[in-house]
Amino acid sequence: MLKIGMSTPIVEMDGDEMTRVLWKLIKEELIEPFVDLKSEYYDLGLINRNETRDRVTVEAANAARKYGVAVKCATITPNKQRMKEYPQLTEMWKSPNATIRSILDGTVFRTPIMTSFIQPTVRTWESPITIARHAYGDVYKAAELVTDEPGECFLLFKGISGETKQLSVHNAKKGTIWLAQHNTDESIQSFARSCFEYAIALKQDLWFSAKDTISKKYDGRFKDIFDSEFESYKERFDALGIEYFYTLIDDAVARVVRSKGGFIWACKNYDGDVMSDMVSSAFGSLAMMTSVLVSPDGTYEYEAAHGTVTRHYYKYLKGERTSTNPIATIFAWSGALSKRGELDNLPELVDFAGKLEKASLDTLSDGTMTADLAMLAVSDAPIAPRTVDSWEFIGSIADRLK
């Protein structure tokens with residue numbers, strides 16, 4: 001078989017645990033037999049991040065900016081429990097996703113992958129809901145402090161002009177925890193523009209939610225910038241018959257669960273993290289969601305939105321064959337290959353990516369699926385689910401793809 005050629009590499013960011021195992025299997029079974037894959041490889045596994053003092057994460061993000069397209073495996077963000085599991089760690093390293101998003105900026109767009117045999121938990125939902133998550137700042141770039149004595153905390157800004165601004169945060173009577181977070185006008189403007197452009201491309205309504213009634217300056221700034229940026233998009237929205245509006249996040253949640261879906265919901269960084277998990281789970285599974293970071297300079301980074309599937313990984317280490325769902329990781333690869341083909345004018349590569357996705361969904365439609373999806377399958381499905389392990393599932397997709 002003549003393999004499909006590539007002219008520019010994609011940046012490949014490997015990860016951890018069970019998703020790392022599947023990553024290798026997907027490459028070997030679903031991509032390399034068909035594509036003369038060109039990639040610049042970075043190992044973002046926790047051990048290598050520790051050995052490089054997380055330098056590898058920064059290098060991977062800069063490479064993504066250089067080549068324009070990246071694909072990332074799920075990675076571990078260590079907590080106290082992980083420090084015990086990995087005693088060789090010298091530091092509780094920050095989230096690699098947060099580091100990459102801080103460097104690339106932009107917006108993460110996450111959309112559920114719908115299939116006919118899984119019905120959303122919310123019975124009114126008929127079409128996917130895309131979460132547009134701001135990818136910079138807020139709690140992910142926050143400074144934290146713990147104090148254990150009485151005292152007063154101040155927020156202090158020293159301008160380059162010499163002007164200072166000071167705000168008393170709280171007069172503590174005993175042990176207290178403190179959190180200072182920030183964002184920038186430039187990043188919020190990029191977030192707003194990305195959302196408006198994406199809504200126009202999909203011809204879908206755009207909702208933006210925050211909490212400016214409580215956070216009058218911080219969230220109020222987001223709202224004001226979105227309103228200002230929308231002025232230059234209003235005519236295009238009107239011409240397409242689509243709508244943009246702002247609402248409080250608690251009102252947005254109520255509207256979302258009563259909606260039919262089929263719109264884009266823009267959220268601040270942490271809100272988007274939580275709501276994308278809620279939406280994906282209500283549509284079926286975190287393993288059935290596409291995720292792409294789009295930066296202002298046109299860099300695209302595709303990833304699976306779920307974790308490293310630790311429980312399955314420990315079973316795998318014991319020699320067991322697990323039934324771990326690889327769909328989101330497959331779609332991360334297909335998204336990156338499609339975008340690479342689009343940017344490099346390689347229609348065969350774009351076509352292959354589409355066929356990879358179709359082969360994956362057709363395999364599910366024929367009843368062959370991993371255990372998590374078999375549990376979600378509707379009772380009146382035309383074909384009874386056949387539960388297989390990950391190796392057999394990926395093998396079935398490969399056979400169909402051939």
Side-chain angles (χ1 to χ4, degrees), residues 98 101-111 127-142 180-279 291-301 305:
R101 290 167 190 161
S102 177
I103 292 170
L104 297 181
D105 201 358
T107 304
V108 178
F109 295 97
R110 290 180 170 171
T111 307
S127 302
I129 297 169
T130 296
I131 299 291
R133 174 187 173 188
H134 190 202
Y136 177 81
D138 296 351
V139 70
Y140 298 89
K141 290 285 287 183
Q181 64 182 45
H182 78 281
N183 223 295
T184 68
D185 286 356
E186 182 181 18
S187 182
I188 300 169
Q189 288 164 352
S190 296
F191 174 40
R193 293 168 194 157
S194 295
C195 291
F196 294 134
E197 292 287 354
Y198 207 75
I200 289 169
L202 267 59
K203 299 181 177 61
Q204 290 185 347
D205 290 346
L206 173 67
W207 306 10
F208 173 53
S209 63
K211 194 69 173 177
D212 67 308
T213 51
I214 302 300
S215 179
K216 299 181 187 299
K217 294 185 183 296
Y218 199 98
D219 284 25
R221 189 69 162 180
F222 274 82
K223 178 183 180 298
D224 291 346
I225 288 175
F226 261 76
D227 288 347
S228 175
E229 292 294 330
F230 181 62
E231 290 302 313
S232 61
Y233 288 94
K234 189 176 185 308
E235 288 187 6
R236 295 163 71 187
F237 268 61
D238 291 344
L240 291 172
I242 58 176
E243 180 185 15
Y244 161 71
F245 67 86
Y246 168 82
T247 187
L248 297 175
I249 191 162
D250 41 348
D251 178 59
V253 171
R255 289 186 184 215
V256 165
V257 297
R258 294 196 305 266
S259 74
K260 293 183 178 180
F263 56 88
I264 301 164
W265 181 12
C267 298
K268 290 166 54 193
N269 205 340
Y270 179 73
D271 296 344
D273 190 4
V274 175
M275 296 307 168
S276 64
D277 282 2
M278 183 273 289
V279 166
S291 180
V292 55
L293 169 66
V294 183
S295 72
D297 64 2
T299 299
Y300 292 77
E301 185 229 8

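Just so it is clear, the model here is predicted, and its values are computed rather than measured. Residue numbers run from 1 in the order of the sequence given. All values below were derived from every heavy atom in this structure, side-chain atoms included, with hydrogens, water molecules and symmetry-related copies excluded.
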For this session: Starting from the C-alpha separation in whole Å, work towards a yes-or-no answer on side chain to side chain contact (heavy atoms under 4.5 Å, CB included) for Y270 and Q181.
Result: CA-CA 12 Å; Y270 179 73; Q181 64 182 45; over 6 Å; no
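- Using cut-offs of 30° and 60° for the angle between ring planes, the F230 and F196 rings count as tilted.
- One finds the CD1 atom of I129 at 7.5 Å from the CE atom of M278 (value rounded to the nearest 0.5 Å).
- Contacts of K234 classified as salt bridge (Lys or Arg N to Asp or Glu O under 4.0 Å), with partners at least two apart in sequence or in another chain: D238.
- Rounding to the nearest 0.5 Å places CD1 of I249 at 5.0 Å from SG of C267.
- Listed by first and then second residue, the salt bridge (Lys or Arg N to Asp or Glu O under 4.0 Å) pairs involving residues 209-218 are K211-D250 (not counting sequence neighbours).
- Between D297 atom CG and D105 atom CG the span is 9.0 Å, to the nearest 0.5 Å.
- Listed by chain and residue number, nothing satisfies the side-chain hydrogen bond (donor to acceptor under 3.5 Å, both in side chains) test with S259 (two or more places apart in sequence, or in another chain).
- Residues passing the side-chain contact (heavy atoms from CB on, under 4.5 Å) test with D224: none are found, sequence neighbours excluded.
- Legend: residues meeting ring-ring contact (aromatic ring centres under 6.0 Å, His included) with W265, ordered by chain and number and at least two apart, are absent.
- Closest approach of I131 and G272 over heavy atoms only: CG2-O, 3.9 Å.
- The line from CD of E301 to OG of S291 is 7.5 Å long, rounded to the nearest 0.5 Å.
- Residue pairs meeting the salt bridge (Lys or Arg N to Asp or Glu O under 4.0 Å) criterion with at least one partner in residues 131-142, sequence neighbours excluded, are R133-D273.
- Scored by the ring-ring contact (aromatic ring centres under 6.0 Å, His included) test, Y300 finds no partners at all (sequence neighbours excluded).
- When the salt bridge (Lys or Arg N to Asp or Glu O under 4.0 Å) test is applied to D251, the partners found at least two apart in sequence or on another chain are R255.
- Residues V294 and T107 form no side-chain contact, since every pair of their non-hydrogen atoms from C-beta on lies 4.5 Å or further apart.
- Annotation: Y136 is in aromatic contact with H182 [ring centroid separation under 6.0 Å].
- Annotation: ring-ring contact (aromatic ring centres under 6.0 Å, His included) contacts of F245 (sequence neighbours excluded): W207.
- Under the 4.5 Å side-chain criterion, counting only non-hydrogen atoms from C-beta, F191 is in contact with C195.
- Residues satisfying the salt bridge (Lys or Arg N to Asp or Glu O under 4.0 Å) criterion with K223, sequence neighbours excluded, are D227.
- Nearest heavy atoms, A135 versus V108: CB-CG2, 4.1 Å.
- Taking the side chain as every heavy atom from C-beta outward, H134 and N183 approach each other to under 4.5 Å.
- Between F208 and F226, the ring center distance clears the sub-6.0 Å criterion.
- Between the OG1 atom of T111 and the CD1 atom of I264 there is a distance of 8.0 Å, given to the nearest 0.5 Å.
- In this structure S276 satisfies the side-chain hydrogen bond (donor to acceptor under 3.5 Å, both in side chains) test together with R110, sequence neighbours excluded.
- Of the inter-residue distances, the one linking I188 atom CD1 with I225 atom CD1 reads 4.0 Å to the nearest 0.5 angstrom.
- Across every non-hydrogen atom of A132 and F109, the tightest pair is CB-CE2, 3.6 Å.
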For this session: Run the numbers on R236 and I242 for side chain to side chain contact (heavy atoms under 4.5 Å, CB included), then give the verdict.
Result: CA-CA 9 Å; R236 295 163 71 187; I242 58 176; over 6 Å; no
Name the atoms and distances for all side-chain donor-acceptor pairs under 3.5 Å in residues 197-206, with sequence neighbours left out.
{"from": "E197", "atom 1": "OE2", "to": "Y233", "atom 2": "OH", "distance (Å)": "3.2"}
{"from": "D205", "atom 1": "OD1", "to": "E243", "atom 2": "N", "distance (Å)": "2.8"}

